[in-house]
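Written below as C-alpha cells is the structure these notes are about.
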Amino acid sequence: MSAMEELEKIAIRHAQEAVVLDREGKKESAILAYQKAIECLLRIIQTYPNHDLNRIYAQRADIYRTRIRVLQDVWVSGSSKQTNANYEGLTATQTSEQSTFDELILKNPPDVKWTDIAGLEDAKKAIQQAIVYPALRPDLFPLGWPKGILLFGPPGCGKTLLAAAVANEIKATFITVDAASIMSKWLGEAERNVARLFNTARKASLKAPAIIFIDELDSLMGIHRLEVSGETRVRNQFLKEMDGIIDKKNPIHVYVIGSTNKPWTLDTPFIRRFQKRIYVPPPGFKERLEMFKLYTGYLKMSTDVDLEKLASLTDGFSGSDIMDVCQSVQLKVNSELFESGKAETGGDPRKIHMQDFLEILGKRKPSFSKDSLVAFENWFENFKAL
Ligand code: ATP
C-alpha cells in the first residue's frame with residue numbers, strides 16, 4: 001500500500017468514526033475525529049496536488065468543518081433547538097453528497113468540433129454511424145442502434161475529443177465522469193452512484209440526447225482502493241443499467257461512451273454491452289503533421305520551421321505529447337519576452353525557430369513503442385466481432 005493509500009485509509013477511518021460518534025451524540029469526540037479526518041484530507045491534497053480525487057477531498061473537508069461549527073455551537077449552549085441541528089446536519093451531509101455528485105458530472109461538452117481532431121477518420125466515421133445517424137433519424141432504425149460505444153487505445157490520442165465532438169454535433173447533454181470518482185467511498189455507495197448516473201441521463205434524455213462519457217471505464221471492473229466491499233454489486237448494477245439502455249424496445253436516446261487504455265482488463269459480459277468497439281490509435285506521420293499544422297497555426301512561426309521534419313521526429317508521440325511540445329515552445333519564447341522586461345510594455349515574443357522545437361524535442365521521449373501497441377491490436381482482433 002502506498003503512503004497516499006495509507007493516508008486515505010486513515011482519513012476514511014476517522015470520518016466514519018466521527019459520523020458514528022456524532023449520531024450517538026458524543027459531540028466532543030466527534031469533533032476531534034472530524035478534525036483528524038480534515039487533517040488527513042488536507043495532507044493528501046498538499047502532498048499529492050495532482051491526485052484525481054482532490055476535489056472530492058476538499059469538499060469533504062468543508063462539510064466536516066461546517067459540521068464541527070454546528071456541533072461546537074450545540075456543545076456550548078446545549079439548547080434543545082440546537083441539538084436538533086444534529087439531524088439537520090446529517091441530512092445536509094447527505095444532500096451535499098448528491099450535489100457533490102452532480103457537480104462532478106459536467107453537463108456542457110468541451111467546445112470541440114470534428115475539424116479540431118486530426119486524423120482518426122475511421123473512428124470518426126464509426127461514431128457518426130453509431131450515434132449521429134440514429135440521433136438524427138431514429139425512424140430509420142426500427143431494429144434499434146448501438147447505445148454502448150467503447151473507445152480504446154493508448155492515452156492522449158483523442159478518445160475524449162471524439163466523445164466531446166459527437167456530443168456537440170447532436171447537441172447532447174454531456175455527462176462525464178471518471179470511473180474512479182464513481183467508485184470513491186467519499187461519494188457514498190458506488191453502486192448508488194452508478195444508478196444516479198443513469199437516472200440523470202434518463203431524465204436529461206427527455207429533452208435532448210444524453211451521452212454518458214465514462215473515462216477509465218476499467219476502474220469500474222477492478223478492485224478500487226476506496227471500495228471497502230461490493231465490487232461485484234457495482235459491476236452488476238452497471239450491467240443492469242446498460243441492459244435497460246440497450247433494450248431494443250426502448251427508443252431512449254442515452255448513449256454510453258466508455259474510454260479505456262486497458263481494454264484487456266474488461267470481462268466478456270462487460271464488453272458485450274458495448275456493441276461498438278472503436279480503436280483510437282496513436283497518430284501516424286500524416287496525423288502528426290496535421291496536428292503540428294493545427295497547433296502551430298496559433299503561433300508566430302519563422303519560415304525555417306519544417307513541420308514535416310517535426311512530424312517524422314515525433315514517431316511514438318501521442319496527440320497530447322505533440323500539443324505539449326507546441327505549448328512548451330510557446331512558453332519558451334514568452335518566458336524570454338517576460339525576462340527581457342518587454343512584456344509589460346506591450347512587446348511581442350520573437351518568432352519561433354526550428355531550433356526551439358529541436359531543443360524541446362531533445363528533452364522528450366516517445367510515449368509508446370510499436371511493441372506496446374501490439375496488445376491493443378491483438379485485443380481488437382479478438383473482440384471486434386464478439
Ligand atoms: P486518456 O486516455 O488519457 O484519457 P484521451 O485518448 O482521451 O486520453 P484526449 O483527452 O482526447 O486523449 O487528448 C488529450 C489532448 O491531446 C487533447 O486535448 C488534444 O490537445 C491532444 N490530442 C490528442 N489527440 C488529438 C488529435 N487526434 N487531434 C488533435 N489533438 C489531439
Taking a hydrophobic cluster as the set of Ile, Leu, Val, Met, Phe, Trp and Tyr residues connected by side-chain heavy atoms closer than 4.5 Å, whether directly or through intermediates, do [X] and [Y] fall within one such cluster?
X    : Y    : answer
L331 : I360 : no
L294 : V305 : yes
I63  : L21  : no
M323 : L313 : yes
Y133 : I131 : yes

Trace of the side chain to side chain contact (heavy atoms under 4.5 Å, CB included) decision for K293 with E290: CA-CA 5 Å; K293 284 186 184 156; E290 214 181 306; 5.7 Å; no

query: Yes or no on side chain to side chain contact (heavy atoms under 4.5 Å, CB included) for L266 and F274, after CA distance, side-chain angles and deciding distance?
result: CA-CA 11 Å; L266 304 176; F274 291 88; 5.9 Å; no

Over all atoms of both residues, closest heavy-atom pair of [X] and [Y]:
X    : Y    : value
E287 : P283 : CB-CB, 3.6 Å
A201 : I175 : CA-CD1, 3.6 Å
E17  : A33  : OE2-CB, 4.1 Å
V166 : A163 : CG1-O, 3.2 Å
A61  : L42  : CB-CD2, 4.4 Å
A11  : L41  : CB-CD2, 4.1 Å

message: Walk me through whether E169 and Q128 qualify under side chain to side chain contact (heavy atoms under 4.5 Å, CB included).
response: CA-CA 9 Å; E169 164 140 14; Q128 292 259 351; 3.7 Å; yes

query: Under 3.5 Å, is there a donor-acceptor pair linking the side chains of R196 and N199?
result: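 There is no such pair between these side chains.
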
message: Under a plain distance cut-off of 3.5 Å, with no hydrogens placed, do Q35 and E39 share a side-chain donor-acceptor pair?
response: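 Judged by distance alone, the side chains do not pair up.
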
Within-4.5 Å side-chain heavy-atom neighbours: [X] and [Y]:
X    : Y    : result
C157 : F368 : yes
I257 : K159 : no
Q327 : Y295 : no
L310 : L361 : yes
P154 : L373 : yes
R364 : D324 : yes
W145 : Q275 : no
C40  : Y57  : no

Main-chain N/O of [Y] paired with [X] side-chain donor or acceptor, under 3.5 Å:
X    : Y    : value
K276 : A126 : no
K124 : I117 : yes
N334 : P349 : no
T314 : A311 : yes
K342 : G347 : no
R273 : P269 : yes
T296 : L299 : no

Using a cut-off of 6.0 Å, state whether more than 12 heavy atoms not belonging to [X] lie near its atom [atom1].
X    : atom1 : value
F141 : CZ    : yes
D122 : CG    : no
K300 : NZ    : yes
R202 : CZ    : yes

message: Taking side chain to side chain contact (heavy atoms under 4.5 Å, CB included) as the criterion, tell me which of Q59, R60, R65 meets it with D62.
response: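 So, applying the side chain to side chain contact (heavy atoms under 4.5 Å, CB included) to D62 and each of Q59, R60, R65, only R65 qualifies.
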
statement: In L120, L161, N168, I127, the residue satisfying side chain to side chain contact (heavy atoms under 4.5 Å, CB included) with W114 is I127

task: Could you check F238 against F270 for side chain to side chain contact (heavy atoms under 4.5 Å, CB included), going step by step and ending with a plain yes or no?
output: CA-CA 9 Å; F238 182 78; F270 223 78; 3.6 Å; yes

[atom1] of [X] to [atom2] of [Y]: how many Å apart, nearest 0.5 Å?
X    : Y    : atom1 : atom2 : value
R67  : D22  : CZ    : CG    : 4.0 Å
D356 : S328 : CG    : OG    : 11.5 Å
L53  : I45  : CG    : CD1   : 10.5 Å
F213 : T160 : CZ    : OG1   : 4.0 Å
K27  : I31  : NZ    : CD1   : 8.5 Å
I212 : T173 : CD1   : OG1   : 11.0 Å

Salt bridge between [X] and [Y], side-chain N to carboxylate O under 4.0 Å?
X    : Y    : answer
K113 : D116 : yes
E359 : K332 : yes
R288 : D315 : yes

task: Classify the angle between the aromatic ring planes of F292 and F357 as parallel (below 30°), tilted (30 to 60°) or perpendicular (above 60°).
output: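 Ring orientation of F292 relative to F357: perpendicular.
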
- prompt: Testing W264, F380, F383 for ring-ring contact (aromatic ring centres under 6.0 Å, His included) with F152, which one passes?
  reply: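 Among W264, F380, F383, the one that satisfies the ring-ring contact (aromatic ring centres under 6.0 Å, His included) with F152 is F380.
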
By salt bridge (charged side-chain N to carboxylate O under 4.0 Å, His left out) - contacts of K262 (at least two apart):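 Result, salt bridge (charged side-chain N to carboxylate O under 4.0 Å, His left out) vs K262: D218.
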
- request: Apply side chain to side chain donor-acceptor pair (under 3.5 Å) to the pair D304 and S302, showing each step before the final yes or no.
  value: CA-CA 5 Å; D304 76 326; S302 149; 2.6 Å; yes

